[in-house]
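Shown next, in structure tokens, is the structure this report addresses.
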Amino acid sequence: MLVISKIKPFFLSSFLISSIAFSQVHNVSEGYQKPTDPLVVQNLEQWQDMKFGLFMHWGTYSQWGIVESWSLCPEDESWTQRKPEHGKSYYEYVKNYENLQTTFNPTQFNPQKWADAVKKAGMKYVVFTTKHHDGFAMFDTRQSDYKITSSKTPFSKNPKSDVTKEIFNTFRKEGFKIGAYFSKPDWHSDDYWWSYFPPKDRNVNYDPRKYPERWENFKKFTFNQLNEITSRYGKIDILWLDGGWVRPFHTIDQKVEWQRTIKVEQDIDMDKIGTMARKNQPGIIIVDRTVPGKWENYVTPEQAVPEHALSIPWESCITMGDSFSYVPNDNYKTSQKIIETLVKIISRGGNYLMNIAPGPNGDYDAIVYERLQQISGWMEKNQSAVFATRSIAPYHDGNFYYTQSKDGKTVNIFHLDEKTNYESPSTLSFTIPDHFKPKSLKVLGLSKKIQWKKSGNSIEINLPKERSQLKYSTVIQIVQ
């Protein structure tokens, strides 16, 4: 993930910030350009219907249980600190980190188990880290031997060694949209962090204008890897590009602190990449994070939820635990917290991309499956208020959050309380949108007829004793 030290307001919104270890919130670029390609517009509309997706950060770093890639970056930040047992000097650390390739053997890898669990929990698309900033490819690239399918990697002998292929094929078969995360910077590439110079920070460690041939080699390398992903791995619906410091110099937003650290031109030719990706995958959504323009088809607040509804496509990527990568004994969020976050996001018109990190053995922690099972029970009863919905004013009013069906005939009102254990009250009073004329009302998950009365724009409902069955929220569905 792209981490920054401070947050800036964007559009009409500021962020609700979670308490997150190992990462900090991600700003959202200004200047959104609506796609004009009809296939992209259609894909984006379908993606907005899906609401809930799975993000997975996975790589050799899971063996050390550390934050993904970032400890290689020579920046003095709390979340990039290196553990002394992994190397006394920076260069010893890098050598030991890269040697993790020689011990990576996640023999419990079973993507069908993941797909089954997250599908029941309501997730409908997946974004997987094909390559993070450290440059280790979790796919069978022909451009580098620093990859999971290399003979240097023990797991290469496994018939499922091309984990990107296995994940994409498995999830696609289950009806998921497929997203390929890819890091534009590559800290293993000698054409990005040239060994002639020491790396100084996250950026390229030489001036591409002074050494244009080296930068051209890096551009070709990146283009070729993205060509592989978009041409050899079946249908890809989303290309999710991270590492927003690799960008044309003129696109830097001086109001954003981390972008001010970019001192050199790092134009990777997104027009060439995007055109190639769309040729290989017509209609693919491209997310060039934080670089405004035609290749940022939706925006991606990280570890945070906008306080207000946004009028453009957006997705909050938020961890189930504290970390994007696997950390032993991570602090996983409760099911109630996850559902509350989902409700807040969809009421403001966004998607929730929840990150779950596989461990070095190739599986999730057992507690993850418990959480997913609990979410499944809620989703089974309330999915009609979640999927294929859009935001509607007043969006959020006190403890009530609103969505509407795409045809505008149904309004869904979620009541949250954010206590440790949700208890549905006997009476609920809430406002309804202007000009909405309710004809019928029900509470999802309850079979009994609900007593209700309308006064102006307000509705009061009385809930039966069986309301004690409701977990995490009360969801009221009104049809006009």
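Since this is a predicted model, take the numbers as computed values, not measurements.
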- Apply the ring-ring contact (aromatic ring centres under 6.0 Å, His included) test between Y364 and each candidate in W58, W114, F109; give the one that qualifies. W114
- Beyond-backbone contact of Y32 with P313, side-chain heavy atoms, under 4.5 angstrom: yes
- d(T164 OG1, F182 CZ) to nearest 0.5 Å is 11.0 Å
- Item | K448 side chain to I450 backbone, donor-acceptor under 3.5 Å | no
- Task: Applying side chain to side chain donor-acceptor pair (under 3.5 Å), run through N412 and Q477 and close with a yes or a no.
- Result: CA-CA 5 Å; N412 310 293; Q477 196 164 70; 2.8 Å; yes
- What are the two closest heavy atoms between F171 and P111, and how far apart are they? CE1-O, 3.9 Å
- Residues which pass salt bridge (Lys or Arg N to Asp or Glu O under 4.0 Å) with D116, listed by chain and number, not counting sequence neighbours: none
- Query: Would a line drawn from the ring center of W187 to the ring center of F136 be shorter than 6.0 Å?
  - Reply: no
- Query: Strictly by modelled atom types, are D271 and W295 linked by a side-chain donor-acceptor pair under 3.5 Å?
  - Reply: yes
- Query: Ring centres of W240 and F55 under 6.0 Å apart?
  - Reply: yes
- Please confirm whether the backbone N or O of Q374 pairs with a side-chain atom of S335, one donor and one acceptor, at under 3.5 Å? no
- Does R247 reach the main-chain N or O of G244 with its side chain, forming a donor-acceptor pair under 3.5 Å? yes
- Message: Counting C-beta onward and ignoring hydrogens, is there a side-chain heavy-atom pair between K279 and T230 closer than 4.5 Å?
- Response: no
- Message: With a 6.0 Å cut-off on the ring centroids, do F324 and W70 count as close?
- Response: no
- Message: Taking L342's backbone N and O only, do any of them form a donor-acceptor pair with K51's side chain (distance below 3.5 Å, no angle check)?
- Response: no
- Item | OG1-CD distance between T251 and E296, expressed to the nearest 0.5 angstrom | 10.5 Å
- What is the distance from atom OG of S62 to atom CG of N361, rounded to the nearest 0.5 Å? 8.5 Å
- May I ask you to check whether over 12 heavy atoms, not counting those of Q451, lie within 6.0 Å of atom CD? no
- Which atom pair, heavy atoms only, marks the closest approach of V67 to S325? CA-OG, 3.2 Å
- Is D242 close to Y181 at the side-chain level, that is, under 4.5 Å between some pair of heavy atoms? yes
- Message: Less than 3.5 Å apart, any donor N or O on the side chain of Q112 or K173 sitting next to an acceptor on the other?
- Response: yes
- Measure the shortest side-chain to side-chain distance between R467 and L470 over non-hydrogen atoms and say whether it is less than 4.5 angstrom. yes
- Are Y125 and F176 an aromatic pair by the rule of ring centers under 6.0 Å? no
- Answer whether the closest heavy-atom distance between the side chains of Q33 and N297 falls below 4.5 Å. no
- Task: Rounded to the nearest 0.5 Å, what's the gap from CD1 on I312 to CG on L44? Could you check?
- Result: 10.5 Å
- Message: Is the distance between the ring centroids of F400 and F430 under 6.0 Å?
- Response: yes
- Task: List the steps, then state whether side chain to side chain donor-acceptor pair (under 3.5 Å) holds for Y233 with N280.
- Result: CA-CA 11 Å; Y233 286 85; N280 290 342; over 6 Å; no
- Item | Distance-only donor-acceptor check, side chains S183 and H133, under 3.5 Å | yes
- Message: Nearest 0.5 angstrom please: L72 CG to D134 CG, how far?
- Response: 6.0 Å
- Message: Quick one about N43 and D237 (side-chain donor to acceptor, distance below 3.5 Å, no hydrogens or angles considered), yes or no?
- Response: no
- For the residue pair N462 and K453, confirm or rule out a side-chain donor-acceptor distance under 3.5 Å. no
- Nearest 0.5 Å please: distance from the CD atom of Q225 over to the NZ atom of K184. 14.5 Å
- Would T319 and Q303 satisfy side chain to side chain donor-acceptor pair (under 3.5 Å), going step by step from the backbone distance to the final call? CA-CA 7 Å; T319 50; Q303 297 287 45; 3.1 Å; yes
- Task: Classify the side-chain pair N203/Q266 by whether it contains a donor and acceptor separated by less than 3.5 Å.
- Result: yes
- For H132 and S69, test the side chains for any donor-to-acceptor distance below 3.5 angstrom and give the result as yes or no. yes
- Message: What I'd like to find out is whether the side chain of F414 reaches to under 4.5 Å of the side chain of L444, using heavy atoms alone.
- Response: no
- Task: Apply side chain to side chain contact (heavy atoms under 4.5 Å, CB included) to the pair F223 and M276, showing each step before the final yes or no.
- Result: CA-CA 9 Å; F223 179 91; M276 171 270 292; 3.6 Å; yes
- Item | Residues Q336 and E340: side-chain donor-acceptor under 3.5 angstrom | yes
- Item | ring-ring contact (aromatic ring centres under 6.0 Å, His included) assessment of H415 paired with Y422 | CA-CA 10 Å; H415 176 257; Y422 178 83; 5.7 Å; yes
- Query: Under 3.5 Å, is there a donor-acceptor pair between the side chain of Y326 and the main chain of E68?
  - Reply: no
- Does the pair E418/K344 count as a salt bridge with the N-to-O cut at 4.0 Å? yes
- Task: Would you tell me whether S473 and W378 have side-chain atoms, one donor and one acceptor, within less than 3.5 Å of each other?
- Result: yes
- Task: Determine, step by step, whether R289 and T300 satisfy the side chain to side chain donor-acceptor pair (under 3.5 Å) criterion, reporting the C-alpha distance in whole Å, the side-chain angles of both residues, the deciding distance to 0.1 Å, and the verdict.
- Result: CA-CA 7 Å; R289 298 185 82 197; T300 54; 2.8 Å; yes
- Message: Surrounding NZ of K177 (heavy atoms of other residues, nucleotides or ligands, distance under 6.0 Å), is the total greater than 12?
- Response: yes
- Is it true that the side chains of T474 and S424 contain a donor and an acceptor less than 3.5 Å apart? yes
- Heavy-atom side-chain contact between T410 and Q404 under 4.5 Å: no
- Do D434 and N457 have a side chain donor and acceptor closer than 3.5 Å? yes
- Item | M138 side chain near F128 side chain, heavy-atom distance below 4.5 Å | yes
